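Here is how names work: the chains are called A, B, and so on, in the same order as the sequence lines, proteins then strands, and each is numbered from 1. Quick caveat: nothing in here was measured; it's all calculated off a predicted structure.
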Amino acid sequence: MSLDDRASAATESARRSLDRIDVPEPAALVARDRRRRRARALAAGGLVVLLGTTVGAVLLRRSPETARVSADAGGPAGSVTAEQFSLRAVSGVIPSPCSEVTGSEPAGDNLFPDRTGKRCYMLAPPSLTAEIVEMAAVTSEADPGHWAVLLILSEEGRRDFEDFVRAHAGQQAAVVVDGRVVTAPMIEEGVDSRMIPVHDDFTEAEARDVASTITGLPPDEIRDAADPPSGPTHPDPEAARALRVCTDHAADVHPAAVVTSADAFTAGMTVALLAEAGAPTDPWDGLDMYHFVAWCSYDLPDSATTGTTMTDCGGGPYVVGGSGDAALLADEDGLSAPLPDEILGPTCIQFPGP
Amino acid sequence: MSPGRALVETQPSHTEAAFGESFDGFFRREYASVVGLATVLAGSRTLGEEIAQEAFLAAHRSWERIGSYDKPGAWVRRVVANHAASATRMRVREARALLRLAARRGPVAPLPEIEADEFWQAVRALPRRQAQCVALHYLEDRSTAEIASLLGITETTVRVHLHDGRVALARHLGESETS
């Protein structure tokens with residue numbers, strides 16, 4: 001058989017096999033792409049916040065007079081009601097139980113007990129609801145032993161929140177969770193709205209319950225921002241070290257994101273980390289081409305370091321944040337794929353060597 | 001040797017989009033064929049579909065320009081050919097595929113006619129440009145001029161790559177280079 005006959009047979013067979021390919025709905029593909037790009041941009045935003053400041057750069061500052069907790073969390077809810085989570089302007093605070101005001105509890109449309117039930121807040125109608133929240137995580141990094149809930153806002157949520165902050169700067173706001181005021185901070189203007197820590201001296205369980213109510217996820221599926229990803233191993237000591245370095249720093253990239261490590265493939269090859277913002281119930285669900293909001297490379301071969309983006313990162317282990325795809329689009333010679341403006345460029349973070 | 005020789009009767013759709021064609025129509029018409037090219041070069045349908053979808057989405061984001069002024073079919077194939085034949089990108093995609101497997105989500109059904117076929121495996125073992133030229137030449141039945149324009153290289157270079165690629169393939173497969 002000649003090469004051309006061989007090629008002809010292979011081509012025929014290959015083309016026939018393509019009949020088995022289902023063509024996805026373009027509209028669905030585009031919509032999914034938009035969601036992913038938004039999540040990725042958001043995650044990259046989180047990166048900037050964390051590098052620039054500490055997690056404790058508090059937007060909603062703990063109000064001194066808010067009190068202890070009654071930690072009954074609502075069950076997972078498909079859609080979170082305004083009763084379960086809302087941000088409202090505070091019109092007044094009555095230093096006695098709401099039941100004394102109305103004769104019954106729950107108190108009604110605009111009266112909400114605090115977590116002890118000893119104080120009663122008069123609140124404006126909900127300004128913001130759980131719709132603004134893309135995901136939630138818990139953390140005690142800023143103040144060990146004291147837990148906060150980190151709310152990662154969606155893009156639209158961020159705009160809504162900024163509007164709320166502008167409209168109510170200097171006033172007191174109440175965070176209502178499950179019909180109770182969990183914290184009533186003063187609203188400060190000029191704060192970053194990408195990641196909102198809600199502090200109120202929570203225990204871990206309380207923080208998880210609050211995050212659970214807001215997101216509708218079970219409390220044990222709420223991610224701890226400081227959790228190191230589960231320990232990856234590799235028989236090759238160099239690869240194992242690369243994995244450790246990468247995973248140790250994964251939380252720095254996006255603490256609230258689901259971060260997990262792939263197994264190393266072979267020594268010296270790319271170690272990929274997945275940091276997906278959103279869908280924390282199943283980090284794998286829908287995992288596809290645009291889910292690498294962060295990836296960690298170690299010991300890239302020369303061919304990979306000659307590209308524009310990679311060179312800037314220098315040698316050694318580093319994390320490319322923002323967008324693996326942006327890095328990919330930029331790293332190869334001769335590729336004319338446009339790098340869309342709205343894709344955030346990769347950010348290189350140099351880690352110290354061993 | 002005649003690199004431009006057409007080998008098969010059934011032709012894939014090479015018609016370029018009409019001016020201002022909708023992305024949907026373009027996508028539906030070209031998808032399977034582009035996945036085929038990506039799979040031939042990348043070696044797995046999972047990766048092939050991923051690379052193809054990524055290229056289509058990139059085209060969609062700039063559709064106003066690509067759909068009107070460029071040849072979108074050629075544009076998408078160039079992106080696919082470059083992505084699918086890039087070792088660096090492939091590693092990242094391997095990572096993604098691996099993560100998908102870890103999720104125990106059923107991988108898409110393989111295309112053994114491409115993934116396990118000795119001929120296409122030999123094509124993938126060729127240097128990047130040779131593999132691209134050979135895949136476009138055989139699978140897509142493209143002329144050297146088309147391949148040159150699609151990959152942004154000269155026609156002479158395409159001829160050299162095709163020649164070298166065919167010599168290497170013949171040696172690898174133990175076939176005579178000419179019929």
Practice task
Would you sort out whether B:Trp120 and A:Thr11 count as a side chain to side chain contact (heavy atoms under 4.5 Å, CB included), showing the intermediate values?
Solution key: CA-CA 9 Å; B:Trp120 298 122; A:Thr11 296; 3.7 Å; yes

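- Neither the backbone nor the side chain of A:Asp19 has a heavy atom closer than 4.5 Å to any heavy atom of chain B.
- In this model, a donor atom of one side chain and an acceptor atom of the other lie less than 3.5 Å apart for B:Tyr138 and B:Arg166.
- Interface summary for chain A: among B:Val134, B:Thr39, B:Ile114, the most heavy-atom pairs under 4.5 angstrom belong to B:Ile114.
- Contact of B:Phe23 with chain A is made through the side chain alone, with heavy-atom distances under 4.5 Å.
- A distance-only check finds a donor-acceptor pair linking the side chain of B:Gln121 to the backbone of B:Glu115 [under 3.5 Å].
- Residue contact with chain A, scored on non-hydrogen atoms closer than 4.5 Å, involves the backbone and the side chain of B:Asp24 alike.
- Look at B:Glu146 and B:Lys71 and you find no salt bridge, because none of the NZ, NE, NH1 or NH2 atoms lies under 4.0 Å from a carboxylate O.
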